[in-house]
Number of protein chains: 2
Amino acid sequence: MSQPNLCDLKSCFLCSSCLTEWVSVIGQERKNITVKKSQTLFKEGDPVTGMFFVYSGKLKVHKRWDHEKEIILRFAQRGDIVGHLGLGDEPAYPVSATAIEPVTVCYIPMAFFEATLNINHGFATKLMRFFANELHESEKRMRNFVHMPVKGRVAQALITLQKQFGVNNEGCINIELSRQDLASFSGTVYESLFRAVNELVAADLIKLIGKHIRILKEDALLEMIASENILIK
Amino acid sequence: MSQPNLCDLKSCFLCSSCLTEWVSVIGQERKNITVKKSQTLFKEGDPVTGMFFVYSGKLKVHKRWDHEKEIILRFAQRGDIVGHLGLGDEPAYPVSATAIEPVTVCYIPMAFFEATLNINHGFATKLMRFFANELHESEKRMRNFVHMPVKGRVAQALITLQKQFGVNNEGCINIELSRQDLASFSGTVYESLFRAVNELVAADLIKLIGKHIRILKEDALLEMIASENILIK
DNA sequence: CGCATGCTTGAGCACGTTCAATTGCGGTGG
DNA sequence: CCACCGCAATTGAACGTGCTCAAGCATGCG
């Protein structure tokens, strides 16, 4: 596999200028790691040793409840950062990261990363702002899980996925996701997700094309969510 | 009311050294604001103009679902920070902050705060780390809301409150909270909370003393939560 | 061809919400 | 001092959503 160039990560949440600066510093420190589909990059409880920048492929970041239940917190793809929760005070990762496609990431040892933080002002601030946005998203989602019924949660999940991954040339959400994973991302169980999807198909709001899902009426989905929530924003 | 001295905020999440430095800079910029019980400091949708450091009193930070439902995301007391979600990219606060006791806060205009960020390295990094921890907490709580039944959520809420506010001289959780607020913090409705509390009292795990709640067997509460969750951490 | 695995559907059940009615209590005014 | 009002606390009952369990069905691979 050819050596990916970190500069391609410009699409990352970091502004290209400060990233370029940063990349030039770490040039010799970075190490690429590849993992196969369904293998984990790290697991809950693993000691934090570093962070990861995704170069290619898609990952799910998830948190276990018991042996058969989990919740998928977010997905990551090219340009995204993974393992950043390790920056908190916990010495162990509070989440797991698992590849849902073959993945290549750039590994940055934590000690080096922290040293960089102390050197590069803008970087720490950008990261802070990134975390603020993530926290905002998380709290919005938490509220939705508490108050929104399953069908709405599934609709919301699909819209979120389309926003993040875009659509392929058939107009489908550009990610191949097992039903189980979609259920975990929607905060429900396999069967409930299944029925919710069926209802959305029956209502002509979405369409199944092979293993992919195409959103037919996004506004109708949003409408459906909003109808259960007067003050959606 | 006497002018509170910001240096007393040492107990804040920021290390005292960098806070002291910071405080000396803002000396002349700070402005104290007081709000009465049940008044809001800011509401969802208000334009972000600054941040707040709590000098005295207690606040709830909450997010509305519809006109009668909300979720309480966290509480804040002396030394805590409020309005920090305004640091994200949204131009408006995504949450509201309401006093549950008479409150005095120190107001910092956002422009000034951001300028400070650019000057003081350690500060931005500390803030970043704070956000990372908050995000971690938020995601743990999100998972709990999805998978934990109401009784467990209430037990969890009580333990969280005791951890944050400690106990008074009667051994009760040192916060006076309406049942409605406790319900919103537990992610359920008034009546369900009521019954859950009753069950906990009946099982001799907690005790009601006036308007306060005393945890009798914290380990038993944790046990109860864990029994529904093999892998609690 | 047979077994295994995942997908699909049905039925029952439990939890939690909703709605409604009652009780208790503090404050207010006659 | 009592009567009344209002509000929060409390309880009961019914309903609905979503989870669980289990059986049927398709698919694939040895």
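This is a predicted model, so every value here is computed, not measured. Chain identifiers are assigned alphabetically (A, B, ...) following the order of the sequence lines, protein sequences preceding nucleic acid strands; residue numbering begins at 1 within each chain.
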For this session: Please report the C-alpha distance between B:F145 and A:F145 in whole Å, then the side-chain angles of each, then the deciding distance to 0.1 Å, and finally whether the ring pair (Phe, Tyr, Trp, His ring centres under 6.0 Å) criterion is met.
Result: CA-CA 7 Å; B:F145 277 136; A:F145 278 135; 9.5 Å; no

Exercise. Could you state the CG-P distance from A:L193 to C:dC7, rounded to the nearest angstrom?
Worked result: 11 Å

Exercise. Between A:T188 and D:dC19, does any side-chain N or O lie under 4.0 Å from OP1 or OP2?
Worked result: yes

For this session: Select base, sugar-phosphate, or nothing to describe what B:K211 touches, counting heavy atoms under 4.0 Å on all strands.
Result: nothing

Problem set entry | Nucleotide D:dA9, atom P - distance to CG of B:L177 in whole Å | 12 Å

Problem set entry | Residue pair B:E139 / A:S138: nearest heavy atoms and the distance that separates them | CG-OG, 3.9 Å

Exercise. How are the rings of A:F52 and A:F42 set to each other: parallel, tilted or perpendicular (split at 30° and 60°)?
Worked result: parallel

Problem set entry | Integer-rounded Å distance: C:dG16 C1' and B:K151 NZ | 13 Å

For this session: Counting heavy atoms from C-beta on, name the nucleotide in D:dG18, C:dG16, C:dT8 closest to the side chain of B:S192.
Result: C:dG16

Problem set entry | 5' precedence on DNA chain D between B:Q180 and B:R195 (nearest-nucleotide basis) | B:Q180

For this session: Using modelled atom types only, decide if a donor and an acceptor are shared between the side chain of B:R153 and the backbone of B:S186 within a distance under 3.5 Å.
Result: yes

For this session: Provide, to the nearest angstrom, the distance between the NE2 atom belonging to A:H147 and the P atom belonging to D:dT17.
Result: 18 Å

For this session: Answer with base, sugar-phosphate or nothing: what part of the nucleic acid does B:E191 contact at a heavy-atom distance below 4.0 Å?
Result: base

Exercise. Should the pair A:H84 and A:F130 be assigned to parallel (<30°), tilted (30 to 60°) or perpendicular (>60°) ring geometry?
Worked result: perpendicular

Seminar exercise, completed: Rounded to whole Å, the CZ-C1' distance (B:F194 to C:dT22) equals 13 Å

Problem set entry | Protein-nucleotide distance (B:D66, atom CG; C:dT17, atom P), rounded to Å | 14 Å

Exercise. How many Å lie between CG on B:L208 and P on C:dG24, as a whole number?
Worked result: 18 Å

Exercise. If only side-chain N and O atoms of B:N198 are considered, is one of them under 4.0 Å from the OP1 or OP2 phosphate oxygen of D:dA9?
Worked result: no

Exercise. Starting at CD of A:E199 and ending at P of D:dG16, how long is that distance when rounded to a whole Å?
Worked result: 15 Å

For this session: Output the single nucleotide from D:dG18, C:dT8, D:dT10 whose closest atom is nearest the side chain of A:Y190.
Result: C:dT8

